[in-house]
Amino acid sequence: MGHSQKLLPQLKVYRLCMFISLVVGTITLLLFCTDKPESLIQLSIKYSRPTNQSKTHVPFQLPEQCGPGRIVPQGQELSLVTVNGTKTLLVSAYQEHRTATKEVRVIAVVLRSENVDYSCLLCCQDKLHVSKGVSDVHSDHFDFVHGTADIMCPVPSGCESISHITVISAAANSEDELHEFMEVKNQKTRDESFSDNFTVCLSAMFNFTNVLQLVQSLEMFQILGVNKVGIYLTSSSPETQHVLDVYTRKGLVEVIPWSWSKYLKVSQGFMPFKDPGDLHYYGQIPALNDCIYRYMYQSRYVAMQDIDELILPQSVSSWLELLPILEKTYGVDKGYMFENNVFPITKSPPSPQTLPSQTPSWQNVTGVNILAHLYSEPIIAETHYCNFKIIVNPRAVFSPTVHGLLKSKNGRAWVDRNIARMYHTRSAKQTHLTPDQLIFDGRLLSYSKRLIPAVNTVLRECGLLHKHSTD
Ligand SMILES: *[C@@H]1O[C@H](CO)[C@@H](O)[C@H](O)[C@H]1NC(C)=O
Ligand SMILES: *[C@@H]1O[C@H](CO)[C@@H](O)[C@H](O)[C@H]1NC(C)=O
Ligand SMILES: *[C@@H]1O[C@H](CO)[C@@H](O)[C@H](O)[C@H]1NC(C)=O
Ligand SMILES: *[C@@H]1O[C@H](CO)[C@@H](O)[C@H](O)[C@H]1NC(C)=O
Ligand SMILES: *[C@@H]1O[C@H](CO)[C@@H](O)[C@H](O)[C@H]1NC(C)=O
């Protein structure tokens, strides 16, 4: 490809962390450097898939000039296109405007050991065009047998606009097959006047029951200036689903169904030997890749993080004010990396914390109250550069990964913790600490005046708080 792409070093950081932990021969460090959200509340509860999506795409007809075939429906379930004769699964397709040749990027999940010659069928304004697809398997496969890939489909001359696309195996005899096509998104570029300033990508939500922290985080996001939250949802409790429905109606949340069980067995973890499966952690990597492209021309910036993480500026109050500071300090179009600070929910604080008086009314709501966990673990050398999360200009990114970027235009930059840092309210990482070794950080309290009433309003709307309880 004709653009400058840099292989960025955070995979090396990740590998270094893995390496150290293997050498030391304990899994303790390994656990430090992986980032499985453990703040899920374990309850015996029935999990449900997303059931009530307000934004269901109605399948429409494939343009006549593209021959017989059908468009894969996008709705309440994850619908992938299977490439006949191979193990390849097509996730989504986006026009790529930033490379020298005009092409369509098909985000796919492939069996890494399988070599396939791909042909792309492009449904153009005049007729069906065919081109040779070039597959690039991402290096962040964590040794699972399946991995994320980009299949790049060059657009032949004479093809001005591509409405739909599919990829087939060049070897398969597919003359008589009825092909399944996907819509090609991002047909138009945009460099300004975005509909959203910030979109948060939550890339793997499964068995989710932590309602209180979900509502608190979604309200905090809005206070910080976030307009959209894309949630790749595998399963959740009915209560969580209800809350997500309420936020979907408000236009904040967009739920993307992400249950892969029809296609392959996703792992529940990061290591094939520990959490067997075909694909890393609930398909988080293809989700992150899809999210970058899905919001590329809708959102000025995209944050890739988890629901139990909050990136809080230290000298200004919102991300709207923070980003100009970061761009001035570190340069524009970087992946801005925020230091991970763990606020353990599993440790009692050294002294009773002074909580705003309204919070006891949340005692009946399932989940973690972030305002009750204001003590952080100290930063230690072994994990200092692990588990950071990033905010990026999505148009400067080619492929994201769990903690950062694989390929981007302009690299990345560490954000000084005195400018902004990440508050990660979850189970303890440094489990040996005594309460007096935890460090008070009350930054969150400066938001509580706005946060508490906002959370109360939503909890009431969701029927999780009695009408009469005070603000
Ligand atoms: C789905 O949401 C609509 C409102 O958008 C609501 O009226 C309906 O009862 C919901 N259905 C289910 C099954 O939850
Ligand atoms: C895949 O191959 C099978 C068997 O040859 C055929 O019946 C089916 O229609 C094909 N599916 C697609 C999407 O091409
Ligand atoms: C985006 O931020 C600008 C200020 O920088 C603000 O005027 C605008 O309303 C924001 N857009 C949205 C959708 O919130
Ligand atoms: C999620 O729930 C399913 C079904 O109850 C269970 O099989 C699975 O182990 C759970 N996953 C995690 C990570 O807890
Ligand atoms: C919590 O639940 C109990 C028992 O159902 C109820 O009496 C109490 O009013 C509830 N508290 C709040 C703040 O909703």
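We number each residue from 1, following the sequence as shown. Each ligand, and each atom within it, is numbered from 1 in the order the structure gives. As the structure is a prediction and not an experimental result, all values here were calculated from the model.
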Quiz item: Which residues satisfy the side-chain contact (heavy atoms from CB on, under 4.5 Å) test with Asp416, sequence neighbours excluded?
Solution: Tyr330, Asn418, Ile419
Quiz item: For Ser135, which residues count as a side-chain contact (heavy atoms from CB on, under 4.5 Å) partner, sequence neighbours excluded?
Solution: Tyr118, Val137, Ala149, Ile151
Quiz item: Is there a donor-acceptor contact under 3.5 Å linking the side chains of Asn207 and Ser235?
Solution: yes
Quiz prompt | Shell of residues surrounding ligand 3, defined by a 4.0 angstrom heavy-atom cut-off that is strict | solution = Ser195, Asn197, Asn227, Leu320
Quiz item: Phe388 and Phe338: aromatic ring centres closer than 6.0 Å?
Solution: no
Quiz item: For residues 207-236, which residue pairs qualify under salt bridge (charged side-chain N to carboxylate O under 4.0 Å, His left out), counting only residues two or more places apart or in two chains?
Solution: Asp196-Lys228
Quiz item: Does a donor on one side chain sit under 3.5 Å from an acceptor on the other, for Ser203 and Gln284?
Solution: yes
